[in-house]
Number of protein chains: 2
Amino acid sequence: MNDNLRIVIIEDDEVLRLGYQQLLFDIDGFSIVNTYASFDLAKSQLKADAPQVILLDINMPGTSGIEAIPEIKKTLPNCYVIILTVFDSPEVVFEALNMGADGYLTKNSSSEKIVEAVKDVCGGGGVMSINIARIVMSSFQKNLNSPLTKRETEILKRIAAGQTKIQIAEDLFIDENTVRSHVKNIYIKLDVNSKSEAIKAAKNNRFI
Amino acid sequence: MNDNLRIVIIEDDEVLRLGYQQLLFDIDGFSIVNTYASFDLAKSQLKADAPQVILLDINMPGTSGIEAIPEIKKTLPNCYVIILTVFDSPEVVFEALNMGADGYLTKNSSSEKIVEAVKDVCGGGGVMSINIARIVMSSFQKNLNSPLTKRETEILKRIAAGQTKIQIAEDLFIDENTVRSHVKNIYIKLDVNSKSEAIKAAKNNRFI
DNA sequence: GCTAAAATCACCCTTTTGGGGTGATAAATC
DNA sequence: GATTTATCACCCCAAAAGGGTGATTTTAGC
């Protein structure tokens, strides 16, 4: 028994799995307690392994990495999960972050970056590689070419927040008819004819 | 005239301004075309300076860095803006990213990180330092102690997307009454009695 | 295997909201 | 000076929301 950082690797590609293992094995203070080819294989062992950090692939046979995250967190509430994957579509990244991943690295990350990430994450930090940061950031960037005016955008935001026209009118100190009028214009501009379509269109195009 | 990367620094603290200038001045391929103590001072010169990258402080006398971003983007649509600041509240980060910032670094970033960031951002990417990533990521973390069941969460998500109960029922292949029933339970659990309150409560607590 | 929670569906009821149509006016912006 | 934006008024009706009550069937936890 020592004070080494207990690490588990879950990755279906054997070459990568061995590669990561070797990489981290050489690091002072790290202990690779186990490696698995899938979460389904790891599942029953995790409690005994008691890792402090898990390196997790997304794309695996059986339970996906995304689905695995909440299960891991349930079993080991204090374990940090770092996603290591080639896939980096915005949806997957957000799903992973939503599920509680503590870090997100792409597989082209350098050895030093991975080691650094493991250390950082235990310091209570989040880590993400540059292309992931790019994805996250671009998702925040509003579309600057929105056809909607400021007022229309404001109103659509509130509609998306579930407010009724009356509530919106009260909040903005304008008449309900004014809101109604704005909504009509929004629908025309977005070429839709219902609330849900408008919200969808606006979110897809980052108008709100 | 050479092919160097044209950089402008806008930072009110003289020591930091000179520090950054010196740091980047020594880098091969970088040209510091100008430095300013505020955006208001820089404003009229920017077009002539024609920088490809601007290092921008948030907290400045006069126009804030946040307000400056859209103005910069308007004047120089192809110029990358990297925020360099000590302040890193989530609101400020989101505001900056929303305004179109291409990068966000905190001032404790190492020299190498800053240089790396300037290079990376010109590769079309976003850059953010680790503590910013942390903030961004934590804002994505769902509350794992949600009182809502999976189904309820699914339905509340769809309500927040503006779907009606009927649409939700169709999408989930269940009866409208079932949706209604779930909604009632959601309202009870969240202690609300309307759609907008439910969405608000759920978003505040990151249940969805 | 038992029990509690979750998910499913069926009715009742009334009020609110949504969306379509038409038109007008002041203010801001270009 | 013309266009856009923001404001408000009135018509209509179908759709949706929300409240109440109760029941059945899976699922999941112990």
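Just so we're on the same page: letters track the sequence lines, and every chain starts at 1.
The residue B/Asn185 sits apart from the nucleic acid: no heavy atom pair falls under 4.0 Å. Here A/Asp175 lies in heavy-atom contact (under 4.0 Å) with sugar-phosphate atoms only.
Nearer to the 5' terminus of DNA chain D, by closest-nucleotide assignment, is the contact made by A/Lys189 (compared with the other of A/Val179 and A/Lys189).
In this structure, of D/dA6, C/dG20, C/dA6, it is C/dG20 that holds the atom nearest to the side chain of A/Tyr187. Checking C/dT17, C/dT8, D/dT7 against the side-chain heavy atoms of A/Ser181 singles out D/dT7 as nearest. Of the listed nucleotides (D/dA6, C/dG19, D/dG29), C/dG19 has the atom at the smallest distance from the side chain of A/Lys195. Side chain of A/Ser194, nearest nucleotide from C/dA7, D/dG19, C/dG19: C/dG19. The side chain of B/Thr164 has D/dA16 as its nearest neighbour among C/dC11, D/dA16, C/dG19. For B/Asn177, taking side-chain heavy atoms from C-beta onward, the closest of the listed nucleotides D/dG19, C/dT8, C/dA10 is C/dA10.
Open room surrounds NZ on B/Lys119; 12 or fewer heavy atoms of other groups in view lie less than 6.0 Å from it. Other residues, nucleotides and ligands contribute only 12 or fewer heavy atoms inside 6.0 Å of the NZ atom of B/Lys200. By the 6.0 Å contact criterion, CG on A/Asn108 is enclosed, its count of non-hydrogen atoms from other residues, nucleotides or ligands being greater than 12.
Taking side-chain N and O atoms only, A/Thr178 has a distance below 4.0 Å to OP1 or OP2 of D/dC8. Listed pair A/Lys165 / C/dG19 meets the phosphate criterion, a side-chain N or O lying under 4.0 Å from OP1 or OP2. For the OP1/OP2 pair of D/dT5 and a distance below 4.0 Å, the side-chain nitrogens and oxygens of A/His182 include no atom meeting the criterion.
Here B/Glu176 pairs with B/Arg180 in a salt bridge; the nearest charged N to carboxylate O distance falls below 4.0 Å.
Here D/dC8 presents its P atom at 6 Å from CD1 of A/Ile174, a figure rounded to the nearest Å. Going from atom CD1 of B/Ile166 over to atom C1' of D/dA14 covers 11 Å, rounded to whole Å. Here D/dC8 presents its P atom at 13 Å from CD of A/Glu170, a figure rounded to the nearest Å. For A/Gln163 and C/dT16, the CD to P distance is 18 Å, given to the nearest whole Å. Rounded to a whole Å, the CD1 atom of B/Ile159 is 15 Å from the C1' atom of C/dT17. For the pair B/Ile186 CD1 and C/dA7 C1', the interatomic distance rounds to 12 Å; values are reported in whole Å. Rounding to whole angstrom units, CZ of residue A/Arg151 and P of C/dA27 are separated by 16 Å. In this structure, B/Arg180 atom CZ and C/dT14 atom C1' are separated by 12 Å, rounded to whole Å.
Side-chain contact of A/Tyr20 with A/Asp57: a donor-acceptor pair under 3.5 Å is absent, judged by distance alone.
Each end of the helix from C/dG1-D/dC30 to C/dA28-D/dT3 gets its own rotation axis from five pairs of C1' atoms, and the angle between them is 80° to the nearest 10 degrees.
Not a single donor-acceptor pair under 3.5 Å links the side chain of A/Asp49 to the backbone N or O of A/Pro51.
B/Lys184 contributes a side-chain N or O that forms a donor-acceptor pair with the base of D/dG20 under 3.5 Å.
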